[in-house]
Amino acid sequence: MSELQIYNTLTRRKEPFQPIEPGHVRMYVCGMTVYDYCHLGHARVLVAFDVIVRYLRAHGYTVDYVRNITDIDDKILERARQNGESIDALTERMIEAMHEDERALGILPPDREPRATRHVDDITAMIGVLIDKGYAYRADNGDVYYRVRRFDHYGRLNNRDPDQMRAGARVEVDTAKEDPLDFVLWKAARADEPSWSSPWGEGRPGWHIECSAMSTCCLGDTFDIHGGGPDLTFPHHENEIAQSEAATGQPYVNTWMHAGALRVNQEKMSKSLGNFFTIRDVLQSHDPEVVRYLLVASHYRTPINYAPDTLDEARRSLERFYNALDGVESVAGAVTGDWAARFHAAMADDFNTPEALAVLFDLVRELNRAQREGRSAEAGALAFELRRLGAILGLLEREPAEFLNAGMADELPLAESDINALIEARNAARRNRDFAEADRIRDELAEQGIVLKDSREGTRWFIEH
RNA sequence: GGCUGGAUGGCAGAGUGGUUAUGCAGCGGACUGCAACUCCGCGAACGUCGGUUCGAUUCCGGCUCCAGCCUCCA
């Protein structure tokens with residue numbers, strides 16, 4: 001199998017990937033802050049790392065995949081207050097919704113999904129170490145801050161010099177800090193907020209520290225891969241490095257991976273810009289596998305510009321796959337051609353999914369040829385191969401007819417029995433060479449959005465999307 | 001202002017120092033009673049100005065434009 005190369009944000013180049021423990025990958029990805037429904041930008045990151053994990057496993061690695069949930073945070077408090085619901089009720093509701101969206105998109109659950117509120121002890125322990133080592137201090141307002149200038153490598157991930165940073169240029173600096181660059185590790189509790197006790201008084205964890213604490217406690221002081229969305233490189237991941245390496249004295253992460261942004265009208269889709277579509281909204285009118293295909297059809301680091309048209313095109317591309325699979329029995333068998341090798345070569349090159357899909361389209365052409373020429377054993381073997389490789393991308397795992405007719409069942413304009421009766425009437429007309437009548441019936445069905453497909457085995461119908 | 005990453009055919013989107021990406025759409029042909037599906041074939045591209053080179057879309061530099069980060073955001 002081809003040697004795996006991964007682009008590392010830290011070095012800004014592709015590197016041969018070598019896990020710390022041979023055959024075993026330890027990986028952490030920053031997950032959601034659960035105060036609202038996930039949008040397509042979240043889906044992009046979730047799918048990207050889902051494909052990465054699936055491929056690492058297909059490549060032969062055992063993967064320990066950890067993705068956290070941030071379930072305590074300013075936004076959660078604010079939203080719960082607005083909604084007049086408890087923080088627990090809000091976060092439980094959103095976690096349930098997130099899992100639902102993930103299942104719909106074929107995103108496999110991570111092996112562990114730690115939550116900030118369940119790891120407060122680990123968090124306070126890490127903050128304690130940082131204070132003892134002089135990397136953190138309790139300020140007059142009761143907050144605990146990280147002393148950024150104490151950490152020599154600060155800015156390395158982002159190639160930034162602390163002296164050049166214009167902290168506070170756009171945001172008012174909290175005067176309790178020794179230095180504007182310092183960031184909060186522990187927030188002193190306010191009267192009506194949930195809080196935990198700590199050596200520095202009642203309070204709650206800051207955002208960055210939870211990932212340092214949960215990742216190192218789940219995966220060890222040093223682990224293989226840390227991933228996240230494109231907007232987390234600074235400050236979140238920079239701060240994680242500062243916290244973790246200062247606390248443990250060990251290198252934190254070997255390979256940093258960041259997905260590209262999802263854009264709308266050439267602007268990043270984000271909560272703050274308000275230009276987002278939630279996953280569940282999009283799934284109202286689009287098949288989840290089509291959404292997944294759209295996301296996989298671009299390389300994970302490239303920005304994707306989202307527009308409803310791109311989804312329609314994605315559907316037509318997927319239809320080519322499912323049309324090829326339709327009516328062919330997938331059976332393991334000898335296959336001529338080096339599709340698997342080409343597929344793996346593409347994926348081993350920093351998870352090049354567009355190239356991997358191109359290989360699958362080549363395979364589809366060969367499959368259609370075999371099918372057309374009556375080489376059915378070969379067609380069956382190719383179909384099997386197509387499904388096996390497609391599954392690595394989390395695609396092509398359904399029954400073709402189910403996909404081709406998906407999502408419209410409750411909108412069927414006619415009862416299935418009526419459709420079948422019309423098809424039978426048309427075929428009777430065809431047998432009598434009354435093609436005018438046959439075409440009239442076909443047109444009648446077409447007007448209802450039902451497309452016919454004749455073959456030696458008979459006539460089948462599909463819903464036009 | 002600093003730091004990233006981009007600019008590829010009608011659209012989407014990989015890649016490469018000299019030779020077909022791939023998909024969608026379009027065009028011609030085949031299959032079909034006609035279609036749909038499918039097959040065969042075709043046209044169509046590398047932002048701009050310089051440099052390196054026998055040769056650059058691919059390497060280097062300038063320019064223009066776009067996006068992201070520098071503030072919570074995936």
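Treat the numbers as computed from the prediction; the structure is a model and nothing was measured. In what follows, chains are A, B, ... by sequence order, proteins preceding strands, each numbered from 1.
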Could I get a table of every N or O pair under 3.5 Å where one atom is in the protein and the other is in nucleotides 20-26 of chain B?
unit_1, atom_1, unit_2, atom_2, d
B/rG23, OP1, A/Arg365, NH2, 3.2
B/rG23, O2', A/Ser317, OG, 2.3
B/rG23, N2, A/Glu313, OE2, 2.6
B/rC24, O3', A/Arg316, NE, 3.4
B/rC24, O2', A/Arg316, NE, 3.2
B/rC24, O2', A/Arg316, NH2, 3.3

* Flag the pair A/Glu78 and A/Lys75 as a salt bridge only when some basic side-chain nitrogen lies within less than 4.0 angstrom of an acidic carboxylate oxygen. =>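 Salt bridge between A/Glu78 and A/Lys75, a charged N being under 4.0 Å from a carboxylate O: no.
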* Asked: So, are A/Arg150 and A/Glu178 salt-bridged, with charged N and O less than 4.0 Å apart?
  ->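 Salt bridge: no.
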* To do: Can you tell me the distance, in whole Å, between the CZ atom of A/Arg315 and the C1' atom of B/rC37?
  =>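 A/Arg315 atom CZ is separated from B/rC37 atom C1' by 15 Å.
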* To do: Send over the distance from A/Asp454 CG to B/rU32 P, rounded to a whole Å.
  =>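 Nearest whole value for this atom pair: 12 Å.
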Please list residues of [range] whose heavy atoms come under 4.0 Å from any atom in RNA chain B, ordered by number; otherwise none.
| range | answer |
| --- | --- |
| residues 37-56 of chain A | A/His39, A/Gly41, A/His42, A/Val45 |
| residues 92-99 of chain A | none |
| residues 224-232 of chain A | A/Gly228, A/Gly229, A/Pro230, A/Asp231, A/Leu232 |

Distance, [atom1] atom - from [M] to [N], rounded to whole angstrom:
| N | M | atom1 | value |
| --- | --- | --- | --- |
| B/rA7 | B/rG15 | P | 10 Å |
| B/rC46 | B/rU16 | C1' | 11 Å |
| B/rA30 | B/rA35 | C1' | 15 Å |

Which part of the nucleic acid, if any, lies within contact of [X], taking any heavy atom under 4.0 Å across all strands shown: a base, the sugar-phosphate backbone alone, or nothing?
| X | result |
| --- | --- |
| A/Gly155 | nothing |
| A/Leu273 | nothing |
| A/Arg369 | sugar-phosphate |
| A/Phe435 | base |

* May I ask you to evaluate whether A/Trp461 reaches the phosphate of B/rA36, defined as a side-chain N or O under 4.0 Å from OP1 or OP2? =>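 For A/Trp461, the contact criterion (side-chain N or O under 4.0 Å from OP1 or OP2 of B/rA36) is not met.
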* To do: Ignoring backbone atoms, test whether A/Lys453 places a side-chain nitrogen or oxygen under 4.0 Å from the OP1 or OP2 oxygen of B/rU32.
  =>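 It does not, given that no N or O in the side chain of A/Lys453 lies less than 4.0 Å from OP1 or OP2 of B/rU32.
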Indicate the ring-plane relationship of [X] and [Y], choosing parallel, tilted or perpendicular according to the 30° and 60° boundaries.
| X | Y | value |
| --- | --- | --- |
| A/Phe361 | A/Tyr293 | perpendicular |
| A/Tyr55 | A/His344 | tilted |
| A/Phe151 | A/Tyr146 | perpendicular |

* So, A/Tyr28 versus A/Tyr65, ring centres under 6.0 angstrom or not? ->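 So the answer is no for these two rings.
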* Which residue pairs pass the salt bridge (charged side-chain N to carboxylate O under 4.0 Å, His left out) test when at least one of the two sits in residues 272-281 of chain A, sequence neighbours left out? ->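 Checked against salt bridge (charged side-chain N to carboxylate O under 4.0 Å, His left out) - neighbours excluded - the pairs reaching residues 272-281 of chain A are A/Glu100-A/Arg280, A/Asp101-A/Arg280.
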* To do: Sequence neighbours left out, what pairs pass salt bridge (charged side-chain N to carboxylate O under 4.0 Å, His left out) with at least one residue falling in residues 292-305 of chain A?
  =>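 Pairs touching residues 292-305 of chain A that pass the test: A/Asp50-A/Arg292, A/Arg301-A/Asp350.
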* **Residue whose closest nucleotide on RNA chain B lies nearer the 5' end, A/Ser270 versus A/Ser455** =>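 The residue mapped nearer the 5' terminus is A/Ser455.
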* Tell me which of A/Glu319 and A/Lys268 sits closer to the 5' end of RNA chain B, going by the nucleotide each one is nearest to. =>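 That would be A/Glu319.
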* **Partner residues of A/Arg315 under the side chain to side chain contact (heavy atoms under 4.5 Å, CB included) criterion, sequence neighbours left out** =>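 A/Asp287, A/Val290, A/Glu319, A/Phe403, A/His465.
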* To do: Quick one: list whatever passes side chain to side chain contact (heavy atoms under 4.5 Å, CB included) with A/Asp163, sequence neighbours left out.
  =>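 Testing A/Asp163 for side chain to side chain contact (heavy atoms under 4.5 Å, CB included), a comparison that skips the adjacent residues, returns A/Arg149, A/Asp161.
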* Asked: Under the salt bridge (Lys or Arg N to Asp or Glu O under 4.0 Å) test, which residues partner A/Glu437, sequence neighbours left out?
  ->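 Applying salt bridge (Lys or Arg N to Asp or Glu O under 4.0 Å) to A/Glu437 gives A/Arg440.
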* By salt bridge (Lys or Arg N to Asp or Glu O under 4.0 Å) - contacts of A/Glu399 (at least two apart) ->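 None.
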* Which dot-bracket string describes RNA chain B (Watson-Crick N1-N3 plus N6-O4 or O6-N4, or G-U N1-O2 and O6-N3, all under 3.5 Å; [ ] crossing; | other strand)? -> (((((((..(((.....[...))).(((((.......)))))....(((((..]....))))))))))))....
Under 3.5 Å between N/O atoms: give me all the protein pairs with nucleotides 4-8 of chain B, atom names plus distance.
unit_1, atom_1, unit_2, atom_2, d
B/rU4, OP1, A/Asn159, ND2, 2.9

* Asked: To the side chain of A/Ser272, which of B/rC73, B/rC70, B/rC34 is closest?
  ->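 Per side-chain heavy atoms of A/Ser272, the pick is B/rC73.
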